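Following: one structure in structure tokens, then a few remarks.
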Amino acid sequence: MELLAQLAPKTFWNAPNGSSELWVKIIIAFFIGIGFFIGMMNVPTQMRRPIVFTVTFVSGLFYFLFWIYPAPINKAPEDAPRNTLEAFSFWISDSQAVVADLTNIIASFLIGLGIYSLLRVHLGKIKKQQRDWQFSVVLIVSMLAMILFGYVDFYMRLDPANSKMAGSGYVGWTFWQFGRDLLFNGLLQNMDAGMFSIVAFYILSAAYRAFRARSIEATILLVTALVVMLSLMGLVEFYWAQGVDSAHLSNNFKLDNVARWLRGNVQTPAIRGIDFGVGIGLLAMGVRLWLNLEKTGSAS
Amino acid sequence: MATLDPTPKSFAEKLQSVPKPVLYLVLFLLAALPLFFPVKLPNKPIDASIDFYAHLMQLPEGSKVLISSDWTNSTRGESMGEMEALLRILMRKGIKFVVYTTADPQAPQVARDTIRKIADEEGKAGGYRYKPFEDYVILGYYPNGEGTTSAINNKFLSICEGKKDWPENSPPRDVLQSPVLQGIKSVSDFKYLIMVTASSTNTVVLERVTKAPLMFMVTGVMVPENTTYYASGQLKGLCGGVKGVYDLETLMEDGLNVEGPHKVLSEKYTDVIPGFPGKQNAGKGNAYYPSLHFALFLLILAVITGNVGMFLSKRKGA
């Protein structure tokens, strides 16, 4: 099946980067895609569930076979299969990279969907002058400014005449590069870091008010947490270990050794147990979704 | 008409009701002051950090590693320090690297800026200045982490097809033309896949990448989960949070099993693994560890204070 064959060497399904052939194929694919979406939107309601089930099952089946079927070892591009079993193994191995590209393209659509959803909600809010509509204006202006400065900067850098911009410093920078730098490095990145750092204040406040030794279990948890936290404090660990003979029994009670014991014998087995349970649950959920047995959230 | 409660608070009640603004102010001061008045705190690197450092230092010059840079500035306090320490080691050892991301569209730019900063720093210090495309290549962002990571393990070069990166002072070129990717046919041609992450992409890599040894650099809250994979041997080394960065910087300064005033000993490694004395080893680990140290002190103090208050109240009530 050529559609899922390895795309190098070149086939009908691809074309050289930047070529007019590629652009024609992209435009054709775009219109086919639009037609597909329109078709899907007009499918009768009772047909939607079988379509979703079929796509889900085929997608799941592909990865199920990819993981379960024996994979070729050290396969060179020129290697040819010796029988049908090997041919299928080669095919599924070669196809996976193309499927990964397809999934990347589908995931990229989410960005477009996100922008559409954002614009629909916030433009509506501005139009109706709902509560805090000013924030919606800030959001949309910020988004458009970032897109504009980002793309102009990107296209300017594609020009060989502007190649110095890629170096360190501000050599050759114009209004657009400074604008992008201000928006991305000056504002977005710092606000990102600022937002996250606030968590420390909430953690402190929550620990102070809620972390109480009200029961035996809570006391064990509290003492364990305190030991592990103390072990992360170099100064405490250093003075705790002073005068301890490494050959003496007391060496076992050095802070780092107690913390290591807790991590290796309490924390790790507990997390493994939790992860194992979660893994089994995910497997069961995955099988239910794959076989369309999961009804939750679907139209009745 | 509202009246004020004239009953003064008991000592136990006071201990349990320290106002939030006071807590926040003390935390702010304890976290901020060490940034302006640096202090050098004693440190004993943990086994996971020692493994991480030792494995990297044992790589021969000219080796290649694959880096999954899945962090942005929201966790720069930890992740940027990890990335910087990693880059310093790689650049001083002459190890070339390929960077990709599956977590966040911002991540490639953040990684690019960090690499450029460390490359400039090394160049100014008299070392070799790493050049984009020649010594490292950035593949960019892949929106579907699961599929891409499977493709990395199954057919690495397929994720490079159609990707471009900027050589120095030049328009973008196909990454497959980069010297870094010459000789790479499979992910197994990389010595390690090193993941600098602040998100759940760690489990995606653990589940799907089987052909290359893995080492992780994770945030502090991710350490317990990833310790299970380190303990099982799935991870060859693990650097966690600010403490992990400080461990790496300590090892870069003092080496492992190297005689000196601050000798770092390891039960696991008998060989002497040198550091890079006299070079710029102190980074964000040295800068932020005192802040973490004093913030933890405050956290412990706050928890103890609240509990003492609770016990005193119970005693009074009994």
Side-chain angles (χ1 to χ4, degrees), chain A residues 6-8 17 66 71 93-94 96-97 99-101 103-104 106-108 110-111 157-160 163-164 166-168 184-185 188-190 192-193 195-197 200-201 203-205 207-209 211-214 222 226 229-230 232-235 237-238 256 260 263-264 267-268 271-272 275, chain B residues 18 20 23-24 27 31 41-44 46-47 72-77 105-106 109-110 113 116 120 132 142-144 146-148 150-151 154-155 158-159 161-162 166 168-172 174 224-225 227-228 231 243 246 289 292-293 295-300 302-307 310:
Chain A
Q6 169 64 307
L7 295 186
N17 275 337
F66 174 70
S93 173
D94 287 344
Q96 195 278 326
V99 171
D101 282 347
T103 55
N104 273 322
I106 292 168
S108 303
L110 294 175
I111 297 172
R157 285 172 195 265
L158 291 179
D159 186 347
S163 58
K164 280 186 179 174
S168 55
F184 187 77
N185 292 321
L188 178 67
Q189 297 295 298
N190 290 319
D192 215 359
M195 279 294 291
F196 212 70
S197 64
F201 294 91
I203 289 175
L204 175 65
S205 178
Y208 169 62
R209 288 175 208 290
F211 212 176
R212 299 280 162 86
R214 291 198 173 92
L222 184 69
L226 288 180
M229 281 197 286
L230 284 170
L232 294 173
M233 298 171 68
L235 211 56
E237 191 187 1
F238 178 76
D256 58 328
R260 186 188 293 163
R263 285 197 193 99
Q267 171 194 290
T268 300
I271 292 180
R272 272 195 194 132
D275 280 353
Chain B
V18 176
K20 266 187 196 174
L23 280 176
Y24 290 172
L27 177 60
L41 293 168
N43 185 34
K44 186 179 178 187
I46 61 170
D47 296 342
T72 64
N73 272 343
S74 58
T75 57
R76 74 175 168 195
Q106 294 178 46
Q109 185 59 42
V110 176
D113 292 341
R116 190 176 290 154
D120 286 347
Y142 298 86
N144 184 271
E146 284 85 356
T148 302
S150 295
N154 178 41
K155 194 171 276 185
S158 71
I159 73 153
E161 284 177 357
W166 265 270
E168 199 159 52
N169 299 334
S170 167
D174 196 323
E225 181 200 359
T227 300
T228 60
K243 162 72 175 155
Y246 194 46
Y289 185 66
L292 173 74
H293 199 280
L296 281 173
F297 169 74
L298 177 64
L299 190 63
I300 293 168
V303 170
I304 291 172
T305 306
N307 279 281
M310 187 186 75

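Every chain is numbered from 1, with letters handed out A, B, ... down the list of sequences. Every value quoted in this text rests on a predicted model; they were computed, and no experiment measured them.
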Residue, of A/Gly264, A/Ala100, A/Gly234, that accumulates the most heavy atom pairs under 4.5 Å with chain B: A/Gly234

Sequence neighbours left out, what passes side chain to side chain donor-acceptor pair (under 3.5 Å) with B/Thr227? Give chain and number order. none

When the 4.5 angstrom heavy-atom criterion is applied to A/Ile106 and chain B, the contacting part is neither

When heavy-atom pairs shorter than 4.5 Å are enumerated against chain B, which of A/Ala207, A/Ala213, A/Ala71 gives the highest number? A/Ala213

Checking heavy atoms, do the side chain of B/Pro172, its backbone, both or neither come under 4.5 Å from chain A? side chain

Option that, when pairs with chain A are counted at under 4.5 Å, heavy atom only, ranks first among B/Asp174, B/Ile300, B/Ile159, B/Thr75: B/Ile300

Give the minimum heavy-atom separation between B/Ala151 and A/Ala97, together with the two atoms involved. CB-CA, 4.3 Å

Under 3.5 Å donor-acceptor, B/Asn307 side chain and A/Phe211 backbone: yes

Kindly indicate, with the supporting measurements, whether the criterion side chain to side chain contact (heavy atoms under 4.5 Å, CB included) is fulfilled by A/Arg260 and B/Ile46. CA-CA 9 Å; A/Arg260 186 188 293 163; B/Ile46 61 170; over 6 Å; no

Residue set satisfying side-chain contact (heavy atoms from CB on, under 4.5 Å) with B/Leu292, at least two apart, ordered chain then number -> B/Val242, B/Tyr289, B/Leu296

Pick from B/Val303, B/Thr305, B/Asn154 with the largest number of heavy-atom pairs that fall under 4.5 Å of chain A: B/Asn154

State whether the side chain of A/Tyr208 and the backbone N or O of B/Val18 hold a donor-acceptor pair below 3.5 Å, judged by distance alone. yes

Whatever's closer than 4.5 Å to a heavy atom in chain A on B/Gln106 counts as both

Can you tell which part of A/Asn104 gets under 4.5 Å to a heavy atom of chain B, answering side chain, backbone, both or neither? both

A/Leu222 versus chain B, the contacting section by heavy-atom distance below 4.5 Å: side chain

For the side chain of A/Gln96 and the backbone of B/Lys155, is there at least one donor-acceptor N/O pair under 3.5 Å apart? no

By a 4.5 Å heavy-atom criterion (distance strictly below it), what part of B/Lys20 contacts chain A: side chain, backbone, both, or neither? both

Checking B/Leu41 against chain A: side chain, backbone, both or neither under 4.5 Å from a heavy atom? side chain

With a 4.5 Å cut-off on heavy-atom pairs, point out which of B/Leu299, B/Thr148, B/Asn43 contacts chain A the most. B/Leu299

Hey, are the side chains of B/Val110 and B/Asn73 touching, using non-hydrogen atoms and a 4.5 Å cut-off? yes

Which atoms of B/Leu298 are under 4.5 Å from chain A, going by heavy atoms: the side chain, the backbone, both sets, or neither? both

Verify, without hydrogens or angle tests, whether B/Ser150 (side chain) and B/Glu146 (backbone) share a donor-acceptor contact under 3.5 angstrom. yes

Give the member of A/Arg212, A/Arg214, A/Met229, A/Gln267 that has the highest number of heavy-atom pairs under 4.5 Å with chain B. A/Arg212

